[in-house]
Amino acid sequence: MQGSWLTTEENGNADPETCAFVRKTFSASDIDYATLFICSYGWYELYINGIRPDSRILSPSKGIYDYLMFYEAYDITDLLESGENAVSLVLGDGYNLNANVYMGKYKGAKRFKVCINLHKTDGSVERIVSDETWKFTLDTPFISNNIYNGEIYDASKENKEWLYKGYDDSEWNRMFISPLKEKAKLYCDIGPFIKINETLNPKKIYKCNDGRYIFDFGQNMSGFVKINLKGERGTRIRIKTAERIKEFDGEYILDTETNRAAASTDTYIFSGNGIESYCPHFTYHGFRYAEITGLNETPIKGHITACVVHTESESFAYFKTDKKMINRIYKNALWSVRSNSFSFPSDCAARDERTPCPMDLFCYLKSAMYMRSPDEYYLRFLKYLYSDKKYAPRFNMTWDGCMIAIPWYYMAYNSNIIPAKRYYSKMKALTIKYLNKNNGKIPLDSFGDWCAPNEEGDYLTSFSSVGETEYYMRITVCRMMADMAEKLGKTWDFEFFTEKAISAENAYKKEYFKNGVFSSAKQSPNLYALSLDILNEKEKAITAKKLKEEIVLNGNHLDVGIFGISHFIEVLSNLDAADTALECFLNADYPSFANQINRGATTLWEQWCGKGDMSSNNHAMFAGAINGFFTRLAGIVPLENGFEAVRIKPVITKYIKKLDLKFDSVKGKYEINYKMAGGEFFLSVNIPPNTKAEIELPNGEIFKVGNGKFEFKCGLQS
């Protein structure tokens, strides 16, 4: 990509939190088509002749700044005029030194490079590139911008004429060529991109005696608040967000505990020019509630809205039953996955972290294969992980396993073997180093079944079943490596990783299998064994019996963390105990999903208890819980890579009489609808073109069909 790296700071040192305005005018004529490429440290907004080329925000995607930077491409053909044109940028901080220590932040000032290619009708190409003729000013309406603390915007300083040709920028400064040595490789980001995906109106408005207003949008989310208000010039309003509220002296106030050190506050200063619309440009928050101070009248509908911000998806899976609580559990999982889908899968949206977390993603990646339309989103994260040469693998697979799982899931669920080919040598090296660690013994310096029920809700109390979970991950990763090796024709590797998986299975049983159960009948270790199918029939029967007994003795309560929960419905359904699994999910008592929902949850919590110093109210890591919603309750599993062939076998449970599922696979949309009435089971399926399905009804009848819409019915046992 041609062009120089430009900065507003001659020495390249970190610049102020204000945003820079940058512009360049150029002439264009006889244009066939035109493209613009841009790469930036920090987030940017792009304008051509005052118009945004598209709706993406918080661009570009985060890079590993010493090794990998993502650049973006735009088609700007229709935005150009014959003659003079203006390209303008607003530069925000993004992941600079203010970002969390675990974020992988960039050093130095905000900087960027641009290359505009003007493809002319005579076949020639003229290039406009970033150089010292570009100009900037720091005298902008942006007083400050910070990913965690928010944005201060002074609209009284607005002058949007700077976005257009003909603006007098003679008093602006020339850009500096960055003196910093840029080492990162540039990689074109083809998306998907972060956008405002929908807007929500408040469900309730609380007017407080001190003039504050608290807006309840009824849904925890990632994003920010948008205002459409009038105000006198210089009047200031403050918008502070949080996931919770609490009562104090008879009134509601924000409960900002889950924000930690993030101020999560946006401030707007009015220009006084009629109705003014504003939402932040270079920050986002995790919130359900917004407290606004400085309003001079009670707002009405349309004045205050919440913008739901995350990486776009062409569609999300639709899942609905006749049981409202089951539907809410699904929605909570979906909203948590959405809220933590930015340029990478993040851990949370509210507190001063919002960091990449491969462990979390591993635990819900299977669900995500159903939830999101097939796209390149998780492959960008894979590129990110493998590009970090400073990244020191923890060599425990609870954390590193995602680096193996993403290529495997894209192969198995999206019929895309390219990631497995591209990263195979790196995956192999990582896995072998892991297997050789500690002379082949299981590492115990790992997270285990993270965040199983505990009353404290802090870091030290969140470890559980560490050794058992690491064995589960070793077996799983070795099986994935063997599968990919076989598909790629690597016979020796297939045999090697198969042997390592079998060896780990035997070692797991030897160390933890006593008297017919693993780890004294703890839920997750036994769910692992039954899911992995490592027991003979006699052992399986004893383990299954004791697991179900332990659950009943535990009052039908969950006792699992983020790894165990992903197998709960699937394994218990396989044991003809789907009702037991759902009873645990629906139990009104702690710990359960219904308990969280009854306490106001609209997303998945980090801790079952919902309290403590590590207790985000919007964590996606428990979203693996709904694996069984797709694979057992709706009953669809792929029999061939990419859902080219599927089995549809809905599990019957007393809690569901009607179920609808729609999701997009790489082969097209699958639809499953069933209902039970009058002692009969009615099933309707829609199978996309060039696929086939094996349908098994509750009475054991099996039908094999190709694409198209089919209806079946059978009697139900009383």
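Looking at Lys62, its side chain does come within 3.5 Å of a backbone N or O of Gly104 through a donor-acceptor pair. Remark: side-chain polar atoms of Glu606 are not paired, donor with acceptor, to backbone N or O of His619 under 3.5 angstrom. Judged purely by atom type and a 3.5 angstrom limit, Ser367 uses its side chain to pair as donor or acceptor with the backbone of Ala623. Remark: the backbone N or O of Gly448 is not paired with any side-chain donor or acceptor of Glu470 at under 3.5 angstrom. At distances below 3.5 Å, at least one donor-acceptor pair connects side-chain atoms of Asn340 with backbone N or O atoms of Cys348. Judged purely by atom type and a 3.5 angstrom limit, Asp189 uses its side chain to pair as donor or acceptor with the backbone of Gly191. Remark: the backbone N or O of Asn627 is paired with a side-chain donor or acceptor of Thr631 at under 3.5 angstrom. Put simply, the side chain of Ser336 gets close to the backbone of Asn332: a donor and an acceptor are under 3.5 Å apart. Of the possible polar contacts, one joining the Arg354 side chain to the Ala349 backbone as a donor-acceptor pair under 3.5 Å is found. Using a distance-only test at 3.5 Å, with no hydrogens or angles considered, a donor-acceptor pair links the side chain of Arg380 to the main chain of Pro192.
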Fill in: Step-by-step salt bridge (charged side-chain N to carboxylate O under 4.0 Å, His left out) determination, Arg479 to Glu505
CA-CA 11 Å; Arg479 287 183 179 182; Glu505 294 167 15; 2.9 Å; yes

Item to complete: Before giving the answer on side chain to side chain contact (heavy atoms under 4.5 Å, CB included), spell out for Ile672 and Ile636 the whole-Å C-alpha distance, their side-chain angles and the decisive distance to 0.1 Å.
Response: CA-CA 9 Å; Ile672 299 170; Ile636 180 167; 3.7 Å; yes

Practice prompt. Would you please test Lys654 and Glu583 for salt bridge (charged side-chain N to carboxylate O under 4.0 Å, His left out) and show each step?
Written response: CA-CA 10 Å; Lys654 67 182 181 182; Glu583 282 167 17; 3.3 Å; yes

Worksheet item: Would Trp335 and Thr602 count as a side chain to side chain contact (heavy atoms under 4.5 Å, CB included) if you check the C-alpha gap in whole Å, the side-chain angles of each, and the deciding distance to 0.1 Å?
Response: CA-CA 8 Å; Trp335 273 99; Thr602 60; over 6 Å; no

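Annotation for Pro650 and Leu683: closest pair CG-CD1, 4.5 Å, computed over non-hydrogen atoms. For the pair Pro345 and Tyr377, the tightest heavy-atom approach, listed with the atom from each and the gap, is N-OH, 3.3 Å. Scanning all heavy atoms of the two residues, the minimum distance from Ser343 to Ile194 falls at N-CD1, 3.7 Å. Heavy atoms only, all atoms of each residue included: Phe344 and Met103 are closest at CZ-SD, 3.8 Å. Between Val651 and Tyr674, the shortest heavy-atom contact is O-OH, 4.0 Å. Ala420 and Leu488 make their closest contact through O-CD1, 3.8 Å (heavy atoms, listed as atom of the first residue, atom of the second, distance).
Other residues, nucleotides and ligands contribute at most 12 non-hydrogen atoms within 6.0 Å of the NZ atom of Lys433. The environment of Ile418 atom CD1 is sparse: at most 12 non-hydrogen atoms of other residues, nucleotides or ligands sit within 6.0 angstrom. The number of heavy atoms from other shown groups lying within 6.0 Å of CG (Asn690) does not exceed 12. For Lys320, the NZ atom counts as loosely surrounded, since its 6.0 Å shell holds 12 or fewer non-hydrogen atoms of other residues, nucleotides or ligands.
With contacts defined as side-chain heavy-atom distances shorter than 4.5 Å, the pair Ser341/Arg372 qualifies. Between Asn641 and Ile417, every side-chain heavy-atom pair lies at or beyond the 4.5 Å cut-off. Side-chain contact between Tyr386 and Leu430 is present, with at least one heavy-atom pair separated by less than 4.5 Å. Side-chain contact between Asn396 and Ile442 is absent, with no heavy atoms from C-beta onward closer than 4.5 Å. Taking 4.5 Å as the limit, every side-chain heavy atom of Ile542 sits out of range of all side-chain heavy atoms of Val517. Two residues are said to be in side-chain contact when any heavy atoms from C-beta on lie closer than 4.5 Å; Asp322 and Lys675 fail this criterion. Between Ile626 and Met371 the shortest side-chain heavy-atom distance falls below 4.5 Å. Side-chain atoms of Met359 and Met473, non-hydrogen and from C-beta on, never get closer than 4.5 Å to each other.
When each of Ser465, Ser464, Ser524 is checked for a side chain to side chain donor-acceptor pair (under 3.5 Å) with Asp449, only Ser524 meets the rule.
A salt bridge between Glu198 and Arg338 is present, with a side-chain N of the basic residue lying under 4.0 Å from a carboxylate O of the acidic one. Electrostatic pairing of Arg647 and Glu694 does not count as a salt bridge here, judged by no charged N lying under 4.0 Å from a carboxylate O. With salt bridges taken as basic N to acidic carboxylate O contacts below 4.0 Å, none links Glu511 and Lys441. Salt-bridge annotation for Lys709 and Glu671: absent, with no side-chain N of the basic residue lying under 4.0 Å from a carboxylate O of the acidic one. Under a 4.0 Å N-O distance rule, the pair Lys437/Asp445 qualifies as a salt bridge.
Legend: salt bridge (charged side-chain N to carboxylate O under 4.0 Å, His left out) pairs involving residues 526-541, not counting sequence neighbours, sorted by first then second residue: Lys509-Glu539, Asp533-Lys540, Glu537-Lys540. Applying the side-chain hydrogen bond (donor to acceptor under 3.5 Å, both in side chains) test to residues at least two apart or on different chains, the pairs with a partner in residues 404-415 are Trp408-Asp483.
When the ring pair (Phe, Tyr, Trp, His ring centres under 6.0 Å) test is applied to Tyr528, the partners found at least two apart in sequence or on another chain are Tyr472. Every residue meeting the ring pair (Phe, Tyr, Trp, His ring centres under 6.0 Å) condition with Phe513, not counting sequence neighbours, appears here in chain and number order: Phe518. Take Lys548 and apply the side-chain hydrogen bond (donor to acceptor under 3.5 Å, both in side chains) test, not counting sequence neighbours, and it matches no residue. Residues passing the ring pair (Phe, Tyr, Trp, His ring centres under 6.0 Å) test with Phe663 are Tyr370, Phe643, Tyr670, sequence neighbours excluded.
Rounding to the nearest 0.5 angstrom, the gap separating the OH atom in Tyr378 from the CG atom in Leu385 is 13.0 Å. Leu334 contributes atom CG, which lies 11.5 Å from atom OG1 of Thr603 (distance to the nearest 0.5 angstrom). A distance of 7.5 Å separates OG1 in Thr653 from CE in Met676, rounded to the nearest 0.5 Å.
Remark: Arg474 fails to qualify as a cation-pi partner of Tyr508 under the 6.0 Å distance and 45° angle criteria applied to the six-membered ring.
Side-chain atoms of Ser566 and Lys366 form no donor-acceptor pair, as typed in the model, at a separation below 3.5 Å. With hydrogens and angles left out, the side-chain atoms of Asn707 and Thr691 include no donor and acceptor closer than 3.5 Å. Checked by atom type, the side-chain pair Asp347/Thr355 shows a donor-acceptor distance below 3.5 Å. Side chain to side chain, Ser373 and Asp375 fail the donor-acceptor criterion of an N or O pair below 3.5 Å.
Taking the six-membered ring for Trp and the full ring otherwise, Phe497 and Trp492 have centroids separated by 6.0 Å or more.
The aromatic rings of Phe622 and Phe593 lie perpendicular to each other, with more than 60° between the two planes, well past the 30° mark. Note: His310 and Phe316 have perpendicular aromatic rings, judged against thresholds of 30 and 60 degrees for the angle between ring planes.
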